[in-house]
Visitor: 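Let me begin by handing over the structure; questions about it come next.
On a predicted model such as this, the values are computed, not experimentally measured, just so you know. Numbered from 1 within each chain, the chains take letters A, B, ... in sequence-line order.
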Amino acid sequence: MDHEGLNASLGALSAQQTPAPKAHTIIMDSNKVVENIYLLVIVTLVSVLQNVFFAQKVERECKNHNTRTSAFERVSCANRNCMDAYPTFLAVMWCAGLCLSQAPAAFAGIIYLVVRQKYFVGYLGQTSQSTPGYLFGKRVITFLSLMCVVGIANYLLVRFYGSDYKEYVETITQAATALLLIP
Amino acid sequence: MDHEGLNASLGALSAQQTPAPKAHTIIMDSNKVVENIYLLVIVTLVSVLQNVFFAQKVERECKNHNTRTSAFERVSCANRNCMDAYPTFLAVMWCAGLCLSQAPAAFAGIIYLVVRQKYFVGYLGQTSQSTPGYLFGKRVITFLSLMCVVGIANYLLVRFYGSDYKEYVETITQAATALLLIP
Amino acid sequence: MDHEGLNASLGALSAQQTPAPKAHTIIMDSNKVVENIYLLVIVTLVSVLQNVFFAQKVERECKNHNTRTSAFERVSCANRNCMDAYPTFLAVMWCAGLCLSQAPAAFAGIIYLVVRQKYFVGYLGQTSQSTPGYLFGKRVITFLSLMCVVGIANYLLVRFYGSDYKEYVETITQAATALLLIP
C-alpha cells in the first residue's frame with residue numbers, strides 16, 4: 001500500500017466516521033421508537049374506538065329516554081365499570097409490552113377488548129337482577145401482570161448475574177398467549 | 001503526509017472513536033428522551049392542574065351543601081364525565097406525540113383542555129333539563145387518532161417500501177392543527 | 001511504525017467500527033429501556049394489585065347485600081373516588097420518573113399507594129356523616145408535579161444556556177422525598 005492509497009483509505013475511514021446527516025439520524029431514531037410500540041399503539045387506538053362506541057351508547061340512551069329509566073341506568077353502569085378498569089388495563093398492557101415484548105402484550109390486549117365488548121353487551125341484555133359482576137377480564141390482567149414481573153425479573157438477572165433468558169422467556173410467553181383463547 | 005503526521009492523524013482518529021465519558025452519555029441520553037416528550041409532559045401537567053381544580057369544586061360543593069342538592073349532583077356529574085374521558089385523551093395524545101411529532105399533539109391537547117374547561121363550566125351553569133351531552137371534544141380526539149394512524153402507516157411504509165414521507169406528513173399535520181381552532 | 005503495523009492498526013480500527021451483532025444490540029437497547037423504568041413499572045404493578053383489591057371489595061359487597069345498603073354505597077363511593085384520581089396519579093408519576101429520575105418518583109408513588117389504602121379503609125369505617133373528602137394524597141401529587149417542572153426547567157436550561165444542574169437537582173430531590181414521610 002503506498003501513501004496515496006493510505007490517504008485514500010484514511011479519507012474513507014473518516015468519511016465513515018462522520019455522523020450521518022442529523023435529520024436522517026433523528027428519523028431513524030424516531031422510527032426505532034415506533035418500531036417497539038406500534039402494536040401497542042394500534043391496540044390503544046382500537047380501545048379508544050371502543051370507548052367512543054360505549055360513550056355514544058350512553059349519549060343516545062341519555063337523549064332518547066328520561067334519565068331515570070332502567071335502560072339508562074344499566075348502560076350507564078356498564079360504561080362506568082368499563083371506564084373504571086380502563087386505566088388499569090392500559091398501564092399493565094404498556095408495561096408488559098415495554099418490559100418483555102410487544103406482540104404477546106398486544107394480543108392479550110385484543111382479547112381483553114373482546115372480553116370487554118362481551119361484558120358490555122351482556123350487561124345491556126340482562127335484567128337488572130342478574131347483572132354480571134363488577135370485575136371482568138381477570139385472566140388477561142393477570143397474564144399481563146405476570147409478563148411485567150417476568151420482564152423485570154429477567155432484567156434483574158441480567159444486571160446482577162449476567163445471564164439473559166429473554167429469548168426463552170419470549171418463546172414461552174408467545175406460547176402462553178394461546179392459553180388466553182380458551183374460553 | 002509523513003509518518004509523524006500520519007501517526008498524529010491516527011491518534012486523532014482513535015481519540016474521536018473513544019466513547020464520551022459514561023456519565024455524560026447518560027445525561028445526554030436522558031435529555032434526548034426529555035427532548036422528545038417535554039411538550040407532552042407540560043400539557044399533561046396542565047391537565048393535572050385542571051383535574052385538581054375540578055376535584056376542588058366537587059370537594060367544596062360536597063362540604064358546603066347537603067350531598068342531595070341539584071348543584072352537587074351537577075358538579076359531581078360534570079366531574080365524572082370529564083374523568084371518564086381523561087384516560088382516553090391521555091392515551092391518544094401520548095401515542096400521537098410519540099408516533100408522529102409532539103408539537104401538533106401538544107397543541108391539540110391544549111385545545112382539548114380548553115374545550116373541557118368550557119364543558120365543565122357550561123355544565124354547572126345549565127339548568128338540569130338542558131345539560132350538555134356525555135361526549136365532548138370529539139373533534140380533537142378524532143384528530144389525535146388520525147395522527148396516530150398516519151404515524152403508524154408512515155412507519156409501515158418505511159419498513160416495507162423504504163419510502164419516508166414523514167417530513168411532508170409533519171408539515172401537513174402542523175397546518176391541519178390550525179383547523180382545530182375553528183369553533 | 002512501518003506499513004505492516006499501520007495496516008494492522010487500520011484493520012483494528014475498522015474492526016472497532018463494525019457494529020456489534022444486531023441481536024445483542026437490540027437486547028442491550030431493550031434492557032436500557034427497562035433500566036430507566038423498572039422501578040416505575042413495579043409501583044404500577046403494586047397499584048394494579050391494589051385496584052384489584054378495591055374492585056373485589058366492591059364485588060363482594062355487591063353480591064352479599066342488596067345494592068341499596070349504606071355499606072355498598074360507601075365502598076362503591078370510596079372505590080370511585082380512588083379510580084377517579086388514578087389516571088392523574090399514573091400520569092404524574094411516569095412524567096416525573098422520565099423527566100427527572102425514577103427512584104424518588106417511585107418512592108413517592110409507594111407513599112401515595114399507602115395514603116390511598118388508608119383513605120379507602122378509612123372511608124369504609126366511617127359513618128356516612130363524617131366521610132373523608134373527595135381529595136386525598138394532595139401532597140404527593142404536588143411533589144410529583146414539582147419534580148416534572150424541575151425536570152423540564154433543567155432540560156430547557158441545558159438546551160438554551162448549556163448549564164446542567166441535574167446532579168444537584170437529583171440530590172435535592174432525593175433528600176426532599178424524606179419530607180413526604182412526615183405525617
Side-chain angles (χ1 to χ4, degrees), chain B residues 3-4 6-7 10-11 13-14 16-19 23-24 26-52 54-63 66-67 72 75-76 79-80 82-91 93-94, chain C residues 1-3 5-6 9-10 12-14 16-17 32-33 35-37 77 80-81 83-102 128-129 131-136 138 141-142 144-149 151-159 164 166-167 170:
Chain B
H3 278 193
E4 274 96 34
L6 191 61
N7 280 345
L10 272 176
L13 260 173
S14 33
Q16 280 176 7
Q17 273 175 335
T18 52
H24 189 246
I26 289 174
I27 286 175
M28 294 314 288
D29 269 6
S30 164
N31 274 340
K32 220 172 70 181
V33 170
V34 176
E35 187 183 342
N36 287 321
I37 59 169
Y38 76 101
L39 289 175
L40 300 174
V41 171
I42 291 173
V43 175
T44 306
L45 275 185
V46 174
S47 75
V48 166
L49 280 184
Q50 206 184 25
N51 285 348
V52 171
F54 291 169
Q56 273 177 339
K57 283 268 181 192
V58 175
E59 177 108 342
R60 200 174 309 146
E61 206 65 42
C62 199
K63 277 185 183 159
N66 192 345
T67 59
F72 172 75
V75 73
S76 162
N79 179 57
R80 195 172 309 144
C82 289
M83 284 302 114
D84 276 0
Y86 185 61
T88 310
F89 159 67
L90 267 193
M93 187 184 74
W94 277 84
Chain C
M1 192 188 270
D2 60 339
H3 279 193
L6 190 60
S9 67
L10 274 175
L13 259 173
S14 31
Q16 280 176 7
Q17 273 174 335
K32 220 170 73 182
V33 170
E35 186 182 345
N36 287 323
I37 59 170
C77 189
R80 196 172 308 142
N81 290 356
M83 286 300 115
D84 277 359
Y86 185 60
T88 309
F89 158 66
L90 267 193
V92 180
M93 187 185 73
W94 277 84
C95 286
L98 292 177
C99 288
L100 201 55
S101 70
Q102 64 166 342
S128 62
Q129 289 178 348
T131 48
Y134 179 70
L135 284 166
F136 61 96
K138 278 168 275 193
I141 297 288
T142 312
L144 288 169
S145 306
L146 281 182
M147 273 183 69
C148 291
V149 170
I152 290 177
N154 181 65
Y155 162 72
L156 294 176
L157 274 181
V158 173
R159 181 167 170 183
D164 198 333
K166 194 151 191 176
E167 281 184 36
E170 282 183 359

Visitor: To the closest 0.5 Å, what do you measure between CE (M83(B)) and CE (M83(C))?
Guide: 14.0 Å
Visitor: What part of D84(B) lies closer than 4.5 angstrom to a heavy atom of chain C: side chain, backbone, both or neither?
Guide: neither
Visitor: How long is the straight-line distance from NZ of K138(C) back to CD of Q56(B), given to the nearest 0.5 Å?
Guide: 7.0 Å
Visitor: Could you pull out every donor-acceptor pair under 3.5 Å between side chains of residues 39-50 of chain B and any protein atom, sequence neighbours left out?
Guide:
from	atom 1	to	atom 2	distance (Å)
T44(B)	OG1	L40(B)	O	2.7
T44(B)	OG1	W94(B)	NE1	3.2
S47(B)	OG	T44(B)	O	2.6
S47(B)	OG	Y86(B)	OH	2.8
Q50(B)	OE1	R116(B)	NE	3.0
Q50(B)	OE1	R116(B)	NH2	2.9
Q50(B)	NE2	L113(B)	O	2.9
Q50(B)	NE2	Q117(B)	OE1	2.9

Visitor: Side chain from CB out, backbone as N, CA, C, O: work out which of these in L90(C) comes under 4.5 Å of a heavy atom of chain B, or both, or neither.
Guide: neither
